[in-house]
Amino acid sequence: MGRGKLRIYLGAAPGVGKTYAMLSEAHRRVERGTDCVVAFVEHHNRPRTEVMLHGLEQVSRKQLDYRGSAFTEMDVDAVLLRAPAVALVDELAHTNVPGSRNAKRWQDVEELLAAGIDVVSTVNIQHLESLGDVVESITGVRQRETVPDEVVRRADQIELVDMSPQALRRRMAHGNIYKSDKVDAALSNYFRPGNLTALRELALLWVADRVDEYLTEYRSEHRVSKIWGSRERIVVGLTGGPEGRTLIRRAARLAEKGAGGEVMAVYIARSDGLTSASPKELAVQRTLVEDLGGTFHHVVGDDIPVALLDFARGVNATQIVLGSSRRKTWQYVFGPGVGATVARESGPDLDVHIVTHDEVAKGRGLPVARGARLGRSRIIWGWLVGVCGPVVLAVLLNTIDLGLANDMLLFLTVTVAAALLGGLFPALASAAFGSLLLNYYYTPPLHRLTIADPKNIVAIAIFVGVAVSVASVVDLAARRTHQAARLRAESEILSFLAGSVLRGETSLEALLERVRETFGMESVALLERAGDVDPWTCAGSVGPQSPKRPEDADVDMPVGDHMALALSGRVLLASDRRVLAAFAAQAAVVLDRQRLQHEADQAKELAEGNRIRTALLAAVSHDLRTPLAAIKAAVSSLRSDDVAWSEEDQAELLEAIEEGADRLDHLVGNLLDMSRLQTGTVTPLIREIDLDEVVPMALGGVPEGSAELDIPETLPMVAVDPGLLERAVANLVENAVKYSPTDEPVLVSASAMANRVEVRVVDRGPGVPDEAKDRIFAPFQRYGDAPRGAGVGLGLAVARGFAEAMGGTLNAEDTPGGGLTMVLTVRAVDSLPVLATATAERQAS
């Protein structure tokens, strides 16, 4: 079974008649014998819409309870079980009641389509996701229910249900849309004439763009190359000269005369990078065409007329606007010019306008085509050898008689040398100059530019031909070598980009720095904006005074619709833009990856927070309730008048109360400490102190004799927060005592190493495997099968958090002979300035 077809009735606002049109379509289909049912249609107490439901089969809705109220939604399972040919589903952007099968109604529709059921639905233009900001700026109301544009664009048919604002307001005033008590408020707010006109324009333009997509797809599928004048598209050919502004304004006036006219300015650069265009002038013209509602395009092509016509036919343009040539009269010997060529080759489907301007016939340079740049120094040496070489050779040969054949070979050698150094034109000059010298000095009659022997004429002609041929071949080989080197460099750069993609590198600054180094730029910036009219923002930049807008840069490379790579420093050749485009695309990918990574980190933090909250609830449900229950039982027993307690019993009950209270105090303290660490609100107050002033106080919470101290008096003072250090050591000692045998006291020792002091808490318990040594520092972790009453598993996590807050570390090591040693490292007083700086930086961040 194939996928069902989706038909959507699109309206500009509520009440234009979308549901009525959908129900009318259903009646027509039923009359033709189509199996059509109403899956969900809301008539909103509109009498005419309610009447249209009569005679149509309706699938029962699903009842849902939410916050004490009953709601009805479309029963997807019932519709799938009924399996009609066509299902009517109103309000495509509707948000389903919590507890429904899907969160959105358009997701319900997707299930019906996947099951092979055709669906007819409705949606308003303000519910399209991409237009949310635009609609809010028009109406002042933020639409909470939206549908992705792609869902609507994939519809097989989209039909616009249109109504003028005046007619819609009359319907509203007659009570055909809302109840009478809501009419005045609606007409004064959402249904104002300006709002309805703007929404109507949005709907018309959106449908027009969709129709244009349909037309483009049809032309592509049926290979239609002939231009169809369905709407006026005017292409403006720009040269980068000052006349461009006149052409753009003229094209805009032409577009205004036709319905739905569109202006597309295009600048065609040669692939060899030769251009007389001013980058600043092109930037001004680009801003002008965008301000007039058009678009700017940059195209590379060696044959400008062909590239311009290909672009025009590719966008289905109907008119081309070109400026009168700036050539002087004598320059037409090089060809008829772009305007005349385009007009001759345009055919009957394209109108070409030649617009006069102030720069006509004022002259412009004619670029000479060449395959690659050989470098200025090589060209200069080539001309020196081509012009001076024959003269020097003639002077030498005047002293030695080698014969005409040898003389020709020597002159040919000079010509080849000129080609190797400077390319074709120095070699041609050398061949021409050499042939004249051969004729004048070495061909009878001597010292005259005439040739007596016809054989010598043939010899000189062969010399010139061979010289030109060899020069052309050598020049072509030299340029191909240069191109090969360039392509090799490009391939290395593209290989680097591909490798960075595979390695998943996410440093945008490093990539932009590579762009700056590769192209020798002063600064590079990746710019983006939310919409066509929003200001540009900088997503990342390197170098001083990076450009703030693409128009301010010497080179800008668009990346999609709302992103651009802007470079300042020099103008790039057209051939360099191919590699720059790859860099720009990679920069966009890196930016997206960074943002996705940030979102993933946030999701991870949220998941960690949920895990901690879950563990906290578990701790509250058992570990906190257990001592509370013991305290309450003891207090209830003491207050009971039914039993006469002895002094020993009373003392035991009071001891149980005290023990439970101490346990509660310890648990609550750890929970509060953990919450402070999780929220980053722990601010240590670092000061100089001796360890023997703090560590002994940390042993007050363990039974007497369960821990031994070994703190040498020669230890240097440490830079710590005394309160945090005491809590950290106390947690470590309590944990060690808990797992250490009763006959093996825990050893707490300290020693100095370099610029730090280590506090070691050594126990002889079962120890911890290497793979679990880091895991035991995670919150709410108990090692092994520790009983629930052993605590909530926060002691070690809090101790490590406090240690790191003071600039220290806490790690676990194996105790020689069995057991576990906790190593708490803090900084000695000598490193206090460093510690203070680090603490200040953490507090500032």
Side-chain angles (χ1 to χ4, degrees), residues 6-26 38-46 48-50 52 73-74 88-96 103-110 119-172 176-179 182-183 185-211:
L6 175 61
R7 178 170 184 168
I8 293 178
Y9 285 92
L10 177 69
V16 295
K18 303 180 302 298
T19 305
Y20 190 93
M22 179 180 66
L23 294 174
S24 299
E25 171 69 17
V38 176
F40 188 97
V41 170
E42 188 64 61
H43 55 73
H44 298 291
N45 296 321
R46 297 169 187 170
R48 296 185 179 181
T49 304
E50 187 175 2
M52 293 297 295
E73 294 288 359
M74 180 175 65
L88 307 183
V89 182
D90 203 7
E91 299 178 359
L92 186 63
H94 171 74
T95 301
N96 293 330
K104 293 286 189 176
R105 186 165 292 166
W106 64 264
Q107 295 171 325
D108 296 336
V109 169
E110 287 292 322
V119 176
V120 183
S121 188
T122 64
V123 71
N124 283 326
I125 191 66
Q126 67 263 29
H127 293 301
L128 293 182
E129 198 170 74
S130 65
L131 299 178
D133 295 338
V134 179
V135 172
E136 184 179 8
S137 65
I138 294 172
T139 65
V141 178
R142 182 67 178 182
Q143 297 295 328
R144 301 300 178 186
E145 294 185 330
T146 60
V147 59
D149 289 41
E150 186 60 26
V151 174
V152 182
R153 288 182 179 274
R154 287 201 306 263
D156 299 276
Q157 296 183 60
I158 299 177
E159 184 169 337
L160 178 66
V161 181
D162 188 32
M163 180 176 289
S164 67
Q166 294 77 12
L168 183 58
R169 284 173 59 84
R170 283 196 300 271
R171 289 195 64 193
M172 174 70 70
N176 294 331
I177 301 177
Y178 293 153
K179 293 181 180 180
K182 297 182 179 180
V183 170
L187 291 175
S188 302
N189 294 283
Y190 194 88
F191 285 82
R192 288 179 294 179
N195 289 358
L196 297 178
T197 302
L199 292 173
R200 187 188 188 196
E201 182 184 24
L202 277 179
L204 291 170
L205 291 175
W206 197 91
V207 173
D209 288 339
R210 185 67 184 115
V211 172

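All figures in this text were calculated on a predicted structure; none of them were measured in a lab. If you read the sequence from its start, that first residue is 1, and numbering goes on from there.
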Legend entry - Lys/Arg-Asp/Glu bridge criterion (N-O < 4.0 Å) met for Lys104, Glu110: no

Legend entry - Beyond-backbone contact of Trp106 with Ser121, side-chain heavy atoms, under 4.5 angstrom: no

Legend entry - Of all pairs that satisfy salt bridge (Lys or Arg N to Asp or Glu O under 4.0 Å), the ones with a partner from residues 15-25, not counting sequence neighbours: Arg7-Glu25, Glu25-Arg28, Glu25-Arg29

Legend entry - Contacts of type side chain to side chain donor-acceptor pair (under 3.5 Å), residue Arg200, not counting sequence neighbours: Asp162

Inset, instruction - Decide yes or no for Arg144 and Thr95: does some side-chain heavy atom of the first lie under 4.5 Å from some side-chain heavy atom of the second? - result: no

Inset, instruction - Check Ile8 against Leu92 and note the closest heavy-atom contact, atom names and distance. - result: CD1-CD2, 3.9 Å

Inset, instruction - With rounding to the nearest 0.5 Å, note down the distance linking CG in Asn96 to CE in Met74. - result: 7.5 Å

Legend entry - Heavy-atom closest contact (Ile177 atom, Gly15 atom, distance): CD1-CA, 3.8 Å

Inset, instruction - Identify the heavy atoms of Leu128 and Val152 that sit nearest to each other, and give their distance. - result: CD2-CG2, 3.6 Å

Inset, instruction - Answer yes or no: is there a donor N or O on one side and an acceptor on the other, between the side chain of Asp156 and the main chain of Leu6, under 3.5 Å? - result: yes

Inset, instruction - Specify the closest pair of heavy atoms between Pro193 and Pro165, including all atoms of both residues, with the distance to one decimal. - result: O-CB, 4.3 Å

Inset, instruction - State, with a plain yes or no, whether a side-chain heavy atom of Trp206 is found less than 4.5 Å away from one of Ile158. - result: yes

Inset, instruction - Report the C-alpha separation of Val207 and Leu10 in whole Å, then their side-chain angles, then the decisive distance to 0.1 Å, and conclude whether the side-chain contact (heavy atoms from CB on, under 4.5 Å) test is met. - result: CA-CA 9 Å; Val207 173; Leu10 177 69; 3.5 Å; yes

Inset, instruction - Report yes if some heavy atom in the side chain of Glu91 is under 4.5 Å from a heavy atom in the side chain of Pro14; otherwise report no. - result: no

Legend entry - Atom pair CD/CZ of Glu150 and Arg153 - distance to nearest 0.5 Å: 7.5 Å

Legend entry - Tyr9 backbone acceptor or donor facing Thr122 side chain under 3.5 Å: no

Legend entry - Salt bridge flag under 4.0 Å for residues Glu73 and Arg105: yes

Legend entry - Gap between atom OH of Tyr20 and atom OG1 of Thr49 - 0.5 Å precision: 8.0 Å

Inset, instruction - Hey, could you give me the CD/CD distance between Glu145 and Glu129, rounded to the nearest 0.5 Å? - result: 13.0 Å

Inset, instruction - Heavy atoms only: give me the nearest Ala167-Met163 pair and the separation to one decimal. - result: CB-CG, 3.7 Å

Legend entry - Gap separating the CG atom of Leu23 from the CZ atom of Arg48, nearest 0.5 angstrom: 14.5 Å

Legend entry - Side-chain touch Met22/Val41, heavy atoms, less than 4.5 angstrom: yes

Inset, instruction - State, to 0.1 Å, how close Leu199 and Ile125 come at their nearest heavy-atom pair, and which atoms those are. - result: O-CG2, 3.9 Å

Inset, instruction - Please examine the side chains of Leu202 and Val134, heavy atoms only from C-beta on, and report whether any two atoms are closer than 4.5 Å. - result: yes

Inset, instruction - Keeping the roles fixed (side chain from Thr146, backbone from His127), state whether a donor-acceptor pair exists under 3.5 Å. - result: no

